[in-house]
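FYI, side chains are in, hydrogens and waters are out, and symmetry mates aren't considered; it's all heavy atoms of this structure. Proteins get letters first, then strands, A, B, ... in listed order; numbering begins at 1 in each.
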2 protein chains.
Amino acid sequence: MDDLDSFGPGHIGSYQAERRARSRPLPVHPKGIRRRREILDRSLEVFAERGVDGTSLRAIGEAIGVSHAALRNYFASREELLVELLLERDVRSEASREEAESVFGHLTNTAEANSEIAGIVALYTVMMGNAIQQAEGDAREYFTERFELNRADLSSRLEEELSTHGLTATEDLGDVAALIMAAFDGLQVQWLLDDRVDITRILKLLERLLLASARPADAAPGQSV
Amino acid sequence: MDDLDSFGPGHIGSYQAERRARSRPLPVHPKGIRRRREILDRSLEVFAERGVDGTSLRAIGEAIGVSHAALRNYFASREELLVELLLERDVRSEASREEAESVFGHLTNTAEANSEIAGIVALYTVMMGNAIQQAEGDAREYFTERFELNRADLSSRLEEELSTHGLTATEDLGDVAALIMAAFDGLQVQWLLDDRVDITRILKLLERLLLASARPADAAPGQSV
DNA sequence: GTCTATACAGGGATAGAC
DNA sequence: GTCTATCCCTGTATAGAC
């Protein structure tokens with residue numbers, strides 16, 4: 001019912017574990033757990049209203065009624081808080097992926113769900129920009145690991161799906177996965193700046209192109225379609 | 001010999017004119033002209049060394065030996081300065097585009113040139129993130145207009161190129177243009193985070209897919225390749 | 001025209017009191 | 001766990017020297 005991502009990570013990934021070790025310990029008492037949830041929920045509300053750059057720790061704290069310093073009992077930094085929001089969305093996206101009938105089915109579902117919540121798409125894109133301007137940092141690690149996992153996952157799911165239809169790929173599926181992910185992310189940016197860009201329609205175009213390039217599994221290489 | 005962009009704008013665009021009217025007047029005296037150039041050049045050096053977010057006005061001023069306030073005689077804001085760098089790169093890219101033999105030839109040329117100057121690619125991507133988190137602003141206008149112009153330009157160049165080879169498109173070329181641009185930008189992000197992602201190779205994959213979808217201009221619709 | 005000096009509002013991060 | 005107070009950084013703005 002939400003999220004923007006290009007496919008949630010198939011599994012959570014080693015980065016997750018490392019990050020957990022580095023960051024604030026998860027609260028164990030009910031009050032702490034509620035507080036942490038409240039911070040995450042309010043953060044989403046605040047940047048839905050004021051944009052990503054308007055979402056300062058002070059603004060979030062103000063929305064809850066605590067000082068900005070209090071937030072840092074739960075999140076070591078503002079960046080960590082925002083990455084946590086992206087991770088939560090990945091988990092939900094992963095759930096919806098398991099219901100989807102095909103790779104591109106999930107992609108277009110995601111694109112359509114995203115169109116209703118531009119806020120999180122914007123957060124994703126802004127964080128992507130933040131990620132690459134750092135030598136290290138939570139956002140950079142998040143995206144690096146995410147891309148790597150998704151390339152591998154998507155690649156194997158594509159292979160599986162092709163063989164189900166009695167097809168064999170004529171192109172490197174790792175490259176195809178990178179291409180699909182790049183197209184998805186790039187189209188989201190264009191859509192954010194101009195909503196006439198129809199992500200779903202263009203993804204279906206890409207799907208047609210890729211399907212046409214596959215060949216029957218029993219045919220000799222060279223004769224496509 | 002440089003730049004990252006996905007195709008410089010075919011023409012400069014109305015935004016350019018409006019922006020000029022809004023910003024600081026261009027210097028007319030030799031000293032001012034030299035100073036403005038120096039600021040732009042040093043800016044590139046500074047964020048090559050310290051990253052985009054390390055490129056504060058104070059850092060640039062320090063590299064030149066002037067106060068940060070002096071920079072604002074030439075650029076109304078930090079954002080305007082950075083957008084100016086992107087515009088300069090577009091102009092140079094446009095020149096190289098005219099030498100390229102084909103649409104994808106220019107794209108792969110650009111990708112290869114970019115691989116030597118990760119700095120400007122990072123600037124482009126970071127500014128893209130900045131652009132979408134603003135309701136208005138120089139960066140947002142730059143990217144909105146850039147994408148719109150490039151979709152139109154690329155679309156018409158693709159049509160031209162297909163007809164040169166006696167081919168007709170079976171897909172909407174506006175959508176194809178958006179797809180190519182999205183793939184290019186998205187691949188750049190992935191490459192910035194993991195240089196094992198081979199932009200050129202994947203762009204060639206996309207080119208193959210698109211070429212295979214075209215059909216002879218005299219053939220009836222339905223029979224592809 | 002060009003530049004310095006200075007002030008301001010806002011950001012994230014941090015130390016230490018309670 | 002939360003606070004206040006503080007630090008240092010940022011972009012922006014203005015006044016006035018030369």
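Comparing Val28(B) and Val66(B) against DNA chain C, the residue whose closest nucleotide sits nearer the 5' end is Val28(B).
Under 4.0 angstrom from either OP1 or OP2 of dA5(C) there lies no side-chain N or O belonging to Ser67(B).
Within 4.0 Å of Ser56(A), counting heavy atoms only, lie sugar-phosphate atoms of the nucleic acid but no base atom. Nucleic acid contact class of Tyr74(A) (heavy atoms, under 4.0 Å, all strands): sugar-phosphate only. Residue contacts for Arg35(B): at a heavy-atom cut-off of 4.0 Å it reaches the sugar-phosphate backbone alone, with no base atom in range. Note on Arg58(B): a base of the nucleic acid sits closer than 4.0 angstrom, heavy atoms only.
Closest non-hydrogen pair, Ile60(B) versus Val46(B), comes out as CA-CG2, 4.3 Å.
Looking only at distances, a side-chain donor or acceptor of Ser43(A) sits under 3.5 Å from a matching main-chain atom of Ile39(A).
Aromatic ring centres of Tyr124(A) and Phe143(A) lie closer together than 6.0 Å.
Comparing dT12(D), dT14(C), dG1(C) by their nearest atom to the side chain of Arg72(A) picks out dT14(C). Taking the side chain of Ala69(A) as heavy atoms from C-beta on, and the options dT4(D), dC3(C), dT12(D), the nearest nucleotide is dT4(D).
If you measure from atom CD of Glu62(B) to atom C1' of dC3(C), you get 17 Å, rounded to the nearest angstrom. Rounded to whole Å, atom P of dT2(C) lies 18 Å from atom NE2 of His68(B).
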